[in-house]
Chemist: 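Encoded as structure tokens, here's the structure I'll be asking about.
Both backbone and side-chain heavy atoms feed into the values below; hydrogens, waters and symmetry mates do not.
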Amino acid sequence: MGDLVGAITERASADTGLVAGTPVFQGGPDAYVGMVGLDCISTGKVAIITGSSHLHLSVCDQLTQSNRGFWGPYSGAPLRGLRFVEGGQSSTGSVASWFRRTLAPSSSYQELDAEAEIVPAGSEGLLMMATFQGARTPKTDPLLKGAFVGLTFRHHRGHMWRSILEGVCFGTKAAMNALVSTPDKTQPLSTDPVMMAGGVTRSPFWLQMTSDVISREIVVGEMDNSPLLGCAILAAAGRELLDKEDRSAAAHRSFGAEEILQSVQSTARKFVRFPRKVSPRSDVAVEYNKVFLRHYASLADHIPPICHALAAGLGSV
């Protein structure tokens, strides 16, 4: 990413309205560009990009083998000269969207958050597995399905909504734990705050819950659409390289990996700001850790055999 690939042609200019000769720089997958937009392009930094699913991304240095459920390390990504590992939760915001669409179509997300806020941490014994369309990290299993466990008549809609948000957070905690526990033990993660972008950051309630559950400080960028900001950073960094050489985009020559990396890192530091910081509340974090260790981890081990049997047709009439 970030290299000069050409310039806007006359035909492209006519089709798009962009000025002919405007330099064009290489983009990339949304997660990679999103890392640029979060300035997560230095060794040890960790980012979580949230949406219908979650991505857990960490730039690494000496890591030679990633844990099961993580992909990588990918060499030359997100930029040449770097490498990173990637984990993910397949169903996160999509579970929240399903619940609202199916069971609370007349309520806003803010109204659901308000109902859930009065419910104690742990949802009074109600757990939710967010593996509605399988699992990626830390255990890859395409046959897993979602589950609510512990429902009683005392639970209301606020309990179910809170259990969904907590279930997603517990899944994030499991992934983060696996990321820290790399097999060769050579890749310590930065103690810097976790960078976060996307849908979760639009809910102060869910954002605080995430910090509490994973017991990490979280910073949120001024612009929550980090891939969009990343595109602007790549373009600005490329333009800076062109200006240094005082040449046009028509004089096409690939830049070196090191000069691209330095330019993108320098530009990201100018563009990216983190005005919001959320810290875990120690008492709530302790309570969530108990729920995670005593109940969620056990549930995550016992649900798969049932899902596998259902997938094999053993649960059909």
Chemist: Is there a side-chain contact between Thr50 and Thr92 in this structure, where contact means two heavy atoms from C-beta onward sitting under 4.5 Å apart?
Modeler: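 A side-chain contact under 4.5 Å is absent here.
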
Chemist: Name all residues meeting the side-chain contact (heavy atoms from CB on, under 4.5 Å) criterion together with Ser107; count only those two or more places apart in sequence or in a different chain, and write none if there are none.
Modeler: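 Partners of Ser107 under the side-chain contact (heavy atoms from CB on, under 4.5 Å) test: Ala104, Glu111, Leu112, Arg157.
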
Chemist: Please determine whether side-chain contact (heavy atoms from CB on, under 4.5 Å) holds for the pair Asn289 and Ser215, giving the CA-CA distance in whole Å, both sets of side-chain angles, and the decisive distance to 0.1 Å.
Modeler: CA-CA 9 Å; Asn289 196 49; Ser215 295; 5.8 Å; no

Chemist: Please determine whether side chain to side chain donor-acceptor pair (under 3.5 Å) holds for the pair Thr152 and His155, giving the CA-CA distance in whole Å, both sets of side-chain angles, and the decisive distance to 0.1 Å.
Modeler: CA-CA 6 Å; Thr152 69; His155 293 123; 3.2 Å; yes

Chemist: Specify the closest pair of heavy atoms between Asp113 and Ser203, including all atoms of both residues, with the distance to one decimal.
Modeler: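 Smallest heavy-atom distance, with atoms named: OD2-OG, 2.7 Å.
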
Chemist: Measure the CG-CG distance between Leu144 and Leu310 for me, rounded to the nearest 0.5 Å.
Modeler: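 Separation between the atoms: 11.0 Å.
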
Chemist: Which atom pair, heavy atoms only, marks the closest approach of Glu115 to Gly158?
Modeler: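 Closest approach of Glu115 to Gly158: OE1-N, 3.7 Å.
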
Chemist: Within this structure, what is the OH-CZ distance for the pair Tyr109 and Phe99, rounded to the nearest 0.5 Å?
Modeler: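 So the OH of Tyr109 and the CZ of Phe99 are separated by 11.0 Å.
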
Chemist: Grab the two heavy atoms, one from Val168 and one from Gln89, that are nearest each other, plus how far apart they are.
Modeler: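 In terms of heavy atoms, the two residues are closest at O-NE2, 2.9 Å.
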
Chemist: Applying salt bridge (Lys or Arg N to Asp or Glu O under 4.0 Å), can you list everything that pairs with Arg100, at least two apart in sequence or on another chain?
Modeler: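 Here no residue qualifies.
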
Chemist: Parallel, tilted or perpendicular for His156 and His159, by the 30°/60° rule?
Modeler: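 Answer is perpendicular, since the angle exceeds 60°.
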
Chemist: Do Val284 and Ile118 sit in one hydrophobic cluster, given that two such residues count as connected whenever their side-chain heavy atoms are within less than 4.5 Å of each other, even indirectly?
Modeler: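 Hydrophobic grouping puts Val284 apart from Ile118.
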
Chemist: In Å and rounded to the nearest 0.5 Å, what is the CE to CG distance from Met196 to Asp224?
Modeler: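 Answer rounded to 0.5 Å: 12.0 Å.
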
Chemist: Answer yes or no: does atom CZ of Arg101 have more than 12 heavy-atom neighbours from other residues, nucleotides or ligands under 6.0 Å?
Modeler: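 It does: Arg101 CZ has more than 12 such atoms within range.
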
Chemist: What are the two closest heavy atoms between Lys270 and Arg273, and how far apart are they?
Modeler: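 Heavy atoms of Lys270 and Arg273 come nearest at O-NH1, 3.6 Å.
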
Chemist: Can you check whether Val272 reaches Met195 side chain to side chain, under 4.5 Å on heavy atoms?
Modeler: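 No, every pair of side-chain atoms sits at 4.5 Å or beyond.
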
Chemist: So, taking the atom named OG in Ser163 and the one named CD in Glu124, what distance separates them when rounded to the nearest 0.5 Å?
Modeler: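 Taking OG in Ser163 and CD in Glu124, the distance rounds to 11.5 Å.
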
Chemist: Measuring only between side-chain heavy atoms, which start at C-beta, is Arg239 closer than 4.5 Å to Asp243?
Modeler: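 Sidechains of Asp243 and Arg239: in contact.
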
Chemist: Can Met209 and Glu166 be said to form a side-chain contact (heavy atoms from CB on, under 4.5 Å), step by step?
Modeler: CA-CA 7 Å; Met209 182 187 290; Glu166 289 178 340; 3.6 Å; yes

Chemist: Tell me every residue that passes side-chain contact (heavy atoms from CB on, under 4.5 Å) with Leu299, counting only those two or more places apart in sequence or in another chain.
Modeler: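 side-chain contact (heavy atoms from CB on, under 4.5 Å) list for Leu299, sorted by chain: Leu127, Met129, Val149, Ile303.
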
Chemist: Among residues at least two apart in sequence or on other chains, which ones pass salt bridge (Lys or Arg N to Asp or Glu O under 4.0 Å) with Asp301?
Modeler: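 For Asp301, the residues satisfying salt bridge (Lys or Arg N to Asp or Glu O under 4.0 Å) (neighbours in sequence not counted) are Lys139.
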
Chemist: For Ala268 and Asp39, work out which heavy atoms get closest and say how close.
Modeler: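 Nearest pair, atom of Ala268 first, then Asp39: CB-OD1, 3.6 Å.
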
Chemist: Residues two or more places apart in sequence or in another chain: which of them pass ring pair (Phe, Tyr, Trp, His ring centres under 6.0 Å) with Phe148?
Modeler: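 So Phe148 forms no ring pair (Phe, Tyr, Trp, His ring centres under 6.0 Å) with any residue.
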
Chemist: If every non-hydrogen atom of Gly256 is compared with every non-hydrogen atom of Arg80, which pair is closest and at what distance?
Modeler: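 What the structure gives for the nearest pair is C-NH2, 4.1 Å.
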
Chemist: With Ala235, which residues qualify under side-chain contact (heavy atoms from CB on, under 4.5 Å), at least two apart?
Modeler: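 Partners of Ala235 by the side-chain contact (heavy atoms from CB on, under 4.5 Å) criterion come out as none, since no residue qualifies.
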
Chemist: So how far is it from Met223 CE to Leu229 CG, rounded to the nearest 0.5 Å?
Modeler: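 So the gap between those two atoms works out to 6.0 Å.
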
Chemist: First locate atom CG of Asp3, then atom CD of Glu259, and finally report the distance between them rounded to the nearest 0.5 Å.
Modeler: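 CD of Glu259 is found 8.5 Å from CG of Asp3.
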
Chemist: Please check if Phe25 and Val19 belong to a single hydrophobic cluster, counting links between Ile, Leu, Val, Met, Phe, Trp and Tyr side chain heavy atoms closer than 4.5 Å.
Modeler: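 Not linked; separate clusters.
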
Chemist: Is the closest side-chain heavy-atom distance between Ser211 and Pro280 below 4.5 Å?
Modeler: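 Contact flag for Ser211/Pro280 side chains = yes.
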
Chemist: State, yes or no, whether a side-chain contact exists between Met176 and Val194 at a heavy-atom distance under 4.5 Å.
Modeler: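 Yes. Closest side-chain heavy atoms under 4.5 Å.
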
Chemist: Shared ILVMFWY cluster between Val95 and Leu143, side chains joined below 4.5 angstrom?
Modeler: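 No.
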
Chemist: For the residue pair Arg162 and Phe205, establish whether any side-chain heavy-atom pair is separated by less than 4.5 Å.
Modeler: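 The answer is yes; the side chains approach within 4.5 Å.
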
Chemist: Mark yes when over 12 heavy atoms from residues, nucleotides or ligands other than Arg294 sit less than 6.0 Å from its CZ; otherwise mark no.
Modeler: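 Open: at most 12 neighbouring heavy atoms sit under 6.0 Å from CZ of Arg294.
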
Chemist: Tell me, do Thr137 and Glu86 make a side-chain contact under 4.5 Å, heavy atoms counted?
Modeler: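 Thr137 vs Glu86: side chains apart.
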
Chemist: Is there a path of hydrophobic side-chain contacts, each under 4.5 Å between heavy atoms, that joins Val119 and Val286?
Modeler: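 No; tracing contacts between hydrophobic side chains, which count when under 4.5 Å, never links both residues.
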
Chemist: With a 4.5 Å limit on heavy-atom distance, are the side chains of Leu207 and Arg276 in contact?
Modeler: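 They are in contact (side-chain heavy atoms under 4.5 Å apart), so the answer is yes.
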
Chemist: Below 30° counts as parallel, above 60° as perpendicular, anything between as tilted: where do the rings of Tyr32 and Phe84 land?
Modeler: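 Tyr32 and Phe84: perpendicular rings.
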
Chemist: Please verify the inter-ring angle class for Phe170 with Tyr288; under 30° counts as parallel, over 60° as perpendicular, anything in between as tilted.
Modeler: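 The rings of Phe170 and Tyr288 stand perpendicular, inter-plane angle above 60°.
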
Chemist: Tell me, with the steps shown, if Lys45 and Met35 meet side-chain contact (heavy atoms from CB on, under 4.5 Å).
Modeler: CA-CA 10 Å; Lys45 289 189 175 182; Met35 292 176 73; over 6 Å; no

